[in-house]
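Reading through the structure tokens given below for one structure.
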Amino acid sequence: MHPALRKYRDLARDFDRQDPLRHFRRRFHIPRGVIYLDGNSLGLLSRDAEAALQKALRSWRDLGIRGWLEADPPWFYLAESLGALCAGLVGAAPDEVVMSGTTTVNIHALGATFYRPAGRRTKIVADELDFPTDIYALKSLIRLQGLDPAEHLTLVESRDGRTLDEQTIVQRFDDTVAMAFLPSVLYRSGQLLDLEFLTRRAHENGTVIGFDCSHSVGAVPHEFDRWGVDFALWCSYKYLNGGPGATAFLYVNRAHFERGPALAGWFGSVKERQFDMSLDFEPARSAGGWQISSPSILSSAPLLGSLAILEEAGIDAVRKKSLQMTRFLIEMTDEFLASEPYGFSVGTPREEARRGGHVALCHPEGLRIGEALRARGVVPDFRPSDIVRIAPVALYNTHTELWTLVRYLREIIDTRDYERFAAERKAIS
Ligand SMILES: Cc1ncc(COP(=O)(O)O)c(C=O)c1O
């Protein structure tokens, strides 16, 4: 073993011993023999989330339909209760956040409300590094207005193919722009954008702005209200550990409650009158108004447990540890994996204020290296063309796991072990 690597092992142990969040790891089911570093794709199941789901099942079993009002907490108000629980993570008032739908559906629901092309202002500004579903949804919102996305969707370009420059983004804000919609953290490189700056500049330009915060909520603190963000949405299966396909969240700044939802559905009704069954929709004057359908109780219940854990840990402590771990990994990559024959580079910004919760390790053989890691019990993921994404999650990962990852990566290159894997992607990698 490289002698300096030994030094880092001791360092990792020290970090882990002193980690104020270390006891949270026991609250999660860590797959046996696995170093799980894919919490930015699918967060792990906690015992708390498991218990909350079992409780919901028991309520269904014992109460049937009565669960809507008599379950603990009542299903009828679950979306609002979980929204209030999540509001603290994003710097919002409890009634500005609601659990609802899925990420893409929420882009449609909020996009339909906020994208109102009029006169010269007809364009949406997004970026070319966006997660594809966001772009699909934005293009369809433009088409629904009878416009052509080729003309009305501006995709800000990246200079290096990995990151975006906020100055370049705001240069695209002009009097032809009706709405900007951007990610908080780029899903490949892990760059964290300056949402406060982007919001200020959008507003100076008279443009509404919204964000897909799927890769930041639960890893990074947000201050939507203070920054004046117009709307946002995020999934709950990554750093919120809500489970595969768990119900998502959306935020509407209270300044916009009066707009009401463009896509109406009865669960957006004023709660007290929803069961009057009037054919005239009366939307709730809260983010709750943007719900469309009955919430999926079984895909939501785990969040009662997992959000309570995050609240207990505190998002600032989570961010502190997350930054410490990503910094540790970047340092070890520079020292042990950058030179020949290893050839890794870090695709994630090094400045803390520009870094989300994961690190992009770039290597031309990234796909096969990812497979070789899996064979050793490490779960990363791969994003084309060359990114092995590593997400050390503050609630359940350790510095020692990162140290082991680096040791394995050196071994995989030293022995050319990756060569025994086919360079073919699975349906999900
Ligand atoms: C930034 C971002 N947006 C959206 C999605 C997926 O959207 P949905 O939850 O609607 O499948 C993902 C999935 O990983 C994502 O990373």
Side-chain angles (χ1 to χ4, degrees), residues 1-40 43-44 46-48 185 190 192 216 218-221 238-239 241 309-339 342 344-361 369 373 376-380 388-414:
M1 191 193 299
H2 192 298
L5 197 54
R6 216 166 269 141
K7 190 187 88 190
Y8 272 85
R9 182 181 54 195
D10 297 340
L11 215 56
R13 286 180 181 159
D14 285 348
F15 275 135
D16 291 341
R17 255 194 304 273
Q18 289 158 21
D19 171 12
L21 301 181
R22 66 188 178 284
H23 52 281
F24 283 102
R25 182 174 163 89
R26 287 196 292 277
R27 303 261 288 268
F28 285 83
H29 293 282
I30 313 282
R32 199 180 291 275
V34 163
I35 295 183
Y36 192 82
L37 294 168
D38 204 9
N40 62 332
L44 289 178
S46 63
R47 295 177 200 286
D48 306 52
V185 167
L192 170 64
S216 57
V220 176
K238 301 179 190 293
Y239 297 103
N241 307 310
I309 292 187
L310 266 167
E311 196 182 34
E312 193 183 325
I315 190 65
D316 292 328
V318 163
R319 173 68 168 159
K320 192 169 170 207
K321 179 175 169 190
S322 162
L323 281 172
Q324 192 180 60
M325 286 196 293
T326 50
R327 189 185 322 123
F328 189 60
L329 177 58
I330 290 172
E331 260 176 49
M332 285 193 292
T333 304
D334 288 345
E335 182 141 1
F336 304 111
L337 296 171
S339 61
Y342 303 104
F344 285 90
S345 62
V346 174
T348 308
R350 282 150 193 279
E351 307 92 306
E352 296 198 335
R354 298 181 68 221
R355 199 160 80 229
H358 74 265
V359 175
L361 297 183
I369 290 169
L373 282 174
R376 285 166 170 74
V378 179
V379 183
V388 181
R389 292 192 310 182
I390 303 295
V393 173
L395 290 176
Y396 53 77
N397 285 121
T398 65
H399 288 75
T400 303
E401 289 179 315
L402 295 175
W403 178 85
T404 307
L405 165 78
V406 171
R407 186 164 67 82
Y408 284 164
L409 287 172
R410 280 176 64 89
E411 187 182 284
I412 288 165
I413 302 290
D414 284 338

Let me check something: any side-chain donor-acceptor pairs from residues 1-12 under 3.5 Å, sequence neighbours excluded? List them with distances.
unit_1, atom_1, unit_2, atom_2, d
His2, ND1, Ala4, N, 3.2
Tyr8, OH, Glu335, OE1, 3.3

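Taking CG from Leu409 and OG1 from Thr404, the interatomic distance works out to 11.0 Å, rounded to the nearest 0.5 Å. For the atom pair Lys321 NZ and Leu323 CG, the distance stands at 12.5 Å (nearest 0.5 Å). Separation of atoms CG (Leu329) and NE2 (His358) is listed at 11.5 Å; rounding is to 0.5 Å. Here the CZ-OG1 distance, from Arg354 to Thr348, works out to 10.5 Å after rounding to the nearest 0.5 Å. Of the inter-residue distances, the one linking Phe24 atom CZ with Ile309 atom CD1 reads 7.0 Å to the nearest 0.5 angstrom. With values rounded to the nearest 0.5 angstrom, Leu337 atom CG is found 12.5 Å from Ile330 atom CD1.
Residues Pro380 and Leu373 have side chains in contact (heavy-atom distance under 4.5 Å, counting atoms from C-beta outward). Here the side chains of Asp19 and Thr398 are not in contact, with every heavy-atom distance at 4.5 Å or above. No side-chain heavy atom of Thr400 sits under 4.5 Å from any side-chain heavy atom of Phe15. Proximity of Val393 to Leu44: side-chain heavy atoms (C-beta onward) are nowhere separated by under 4.5 Å. Annotation: side chain of Arg26 is in contact with side chain of His23 (closest heavy-atom distance under 4.5 Å). With contacts defined as side-chain heavy-atom distances shorter than 4.5 Å, the pair Leu395/Phe28 qualifies. Residues Leu361 and Ile369 are not in side-chain contact: their nearest non-hydrogen atoms beyond the backbone lie 4.5 Å or more apart. Residues Ile35 and Leu405 form no side-chain contact, since every pair of their non-hydrogen atoms from C-beta on lies 4.5 Å or further apart.
With sequence neighbours excluded, the residues satisfying side chain to side chain contact (heavy atoms under 4.5 Å, CB included) with Gln18 are Asp14. Shown here are the side chain to side chain contact (heavy atoms under 4.5 Å, CB included) partners of Lys238, two or more places apart in sequence or in another chain: Ser214, His215, Cys235.
Note: Tyr396 and Tyr36 have tilted aromatic rings, judged against thresholds of 30 and 60 degrees for the angle between ring planes.
Put simply, the side chain of Arg376 never gets that close to the backbone of Tyr408: no donor and acceptor are under 3.5 Å apart.
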Practice task
Evaluate the criterion side-chain contact (heavy atoms from CB on, under 4.5 Å) for residue pair Val318 and Tyr239; output intermediate values, then yes/no.
Solution key: CA-CA 10 Å; Val318 163; Tyr239 297 103; over 6 Å; no
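Comment: Asp334 engages Arg350 in a salt bridge, judged by a side-chain N to carboxylate O separation of less than 4.0 angstrom.
Taking both residues in full, the closest heavy atoms of Ala391 and Asn397 are given as O-OD1, 3.5 Å, listed atom of the first, atom of the second, then distance. Here the shortest heavy-atom pairing between Gly356 and Ser322 reads O-OG, 4.4 Å. Gly43 and Asn241 get closest at one heavy-atom pair: CA-OD1, 3.2 Å.
A salt bridge (Lys or Arg N to Asp or Glu O under 4.0 Å) with Glu352 is found for one member of Lys320, Arg327, Arg319 and no other, namely Arg327.
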